[in-house]
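Okay, structure first, notes after.
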Amino acid sequence: MGGLSLFAQKVHKEPVRIACIGNSITFGAGLKNQLKDSYPSVLGQMLGKDYVVRNFGVSGRTLLSKGDYPYIKEKTYQDALTFQPNIVVIKLGTNDSKPQNWVHKEEFMKDLEALVRSFQRLASHPIIYLCYPSTVYKTEGINENVISKEIMPMISSVAKKMKLRIIDLHTPTRNMNENFPDKVHPNVNGAVVLATEVYKVLTGRNIAHEIQSFPGFKSEWNGFDRYDYEYNGRQTIVVEPHIPLPGKPWIWRPAFFGAFASADEMLLERGFHVVYYDLTHDYGAPEAVNLGTKFYESMLHYYKLSPKVTLEGLSRGGFMVLNWAIHNVDKVACIYVDAPVCDLFSWPGEARKDMWRDVLNKWNLAEQEMVYFKGNPIDNLLPLAKAKLPIILVCGDSDKTVPYMENGKILYDRYTSMGGPIELILKENCDHHPHSLEDPTVIVDYILKNQP
């Protein structure tokens, strides 16, 4: 039933949404990179691009509503309901085995039924699975005897009463204490075991999984490994070089992945990571800058990419990278902008009413406040110039969409007047497209010579 139910949902156009409910084991406590290696993340890697697996684990939480830290009192629980999942995997009970919580054991089955019903009432009518907790290797505090002899039979009784399928994460994790270094939480290999068992029940299939360099769905892009995932709700793509250069340099574009990507392809060949984090429709607003900074920090913390990123902005992406660089001068190696938007009054401009409304919304401004708008990067170039941050600017002299005279030329003239290093490539009789150059060697060489 489980496998058929899961794959039957693929007839819908939207990806199948899977909510993993749980405690620190679900969250990925103890792992260096929960985003990549927690069991829900690994499950998502296994299932692929037609599924969105979301981790709703919260450390230390109990199923028991009278426990010390009840799951149902967490915002994460409300977020899981809002997610409107098609499938719910509930893995709670480990923390309930603590003495201060298990004094309320008479409430356990009632609370589990209530949790299940809260998901059953959703408009998405999800399929719900109950998990036996994974084996723990201790009997003080969290107690393996309580889990195996009392909690698991109660889970079994609720599953039988409510006609739910059980996923047994206890049996497969016996006799593998090497994968539970603190006796409770799985390491990377242990998380793969949990994900494999969940995958097997959901799909009816076995799978062999290789630990990935990055989270998400692994595929291929121009002969290189590509990873697609979400970070803070935004689409993220990382393309990995065959042999990374020392220091792991990377180029990040916030808009239009894969468009006019000849420079990206050449940089991959040279050993750069090519990274996309989608801020396309944010018009360089402060919240987008903050999102970009959090993303940048994740790439350093989890994947050890270079602390000096190369920024790449085509068209409206140019506005985003320039604004981000202005607020993060110390984090940038150099900037490549191509037919960049530098002035929102030029593009999208007030005449494009829908886009102009989006600009106002993103910047949280009223129409009358735009008279005093100072958010265009061409009005804030001084921090970049003082830092002598290198910029390479590629433009078409006949651009009708983002006119060169109103954007790129002003950027060039002002930055030059401030003493900022900028190289201009002006393409004769060229409109907004095509971006880049037929031979991007000059762009790539500029980027390479301006690495730390």
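The chain is numbered in sequence order, starting from 1.
A donor-acceptor contact shorter than 3.5 Å links the side chain of Asp338 to the backbone of Ser436.
Between Tyr277 and Trp252, the angle of the ring planes lies from 30° to 60°, which puts this pair in the tilted group. Using the six-membered ring where Trp is involved, Phe260 and His435 have ring planes that are perpendicular, over 60° apart on the 30 and 60° scheme. Taking the six-membered ring where tryptophan is involved, the planes of Trp250 and Tyr296 are essentially parallel, since the angle between them stays under 30° and well short of 60°. Ring geometry for Tyr303 against Phe214 counts as tilted: the plane angle lies between 30° and 60°, on a 0 to 90° scale.
For Lys66, the side chain to side chain contact (heavy atoms under 4.5 Å, CB included) test picks out His104, Glu107, with sequence neighbours left out. Evaluation of the side-chain hydrogen bond (donor to acceptor under 3.5 Å, both in side chains) rule for Thr441 yields Asp439 as partners, not counting sequence neighbours. By the ring pair (Phe, Tyr, Trp, His ring centres under 6.0 Å) test, Tyr283 pairs with no residue at all, sequence neighbours left out. Shown here are the side-chain hydrogen bond (donor to acceptor under 3.5 Å, both in side chains) partners of Glu74, two or more places apart in sequence or in another chain: Arg61. Phe83 pairs by the ring pair (Phe, Tyr, Trp, His ring centres under 6.0 Å) definition with Phe56, not counting sequence neighbours. By the side-chain hydrogen bond (donor to acceptor under 3.5 Å, both in side chains) test, Tyr231 is found to be paired with no residue, residues two or more places apart in sequence or in another chain being considered.
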| message | Checking Lys161 against Met109 for the side chain to side chain contact (heavy atoms under 4.5 Å, CB included) test, could you report, in this order, the C-alpha distance in whole Å, the side-chain angles of both residues, the deciding distance, and whether it holds? | response | CA-CA 10 Å; Lys161 177 181 177 180; Met109 292 174 64; over 6 Å; no
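Salt bridge Arg54/Glu230: present, at least one basic N to carboxylate O contact under 4.0 Å.
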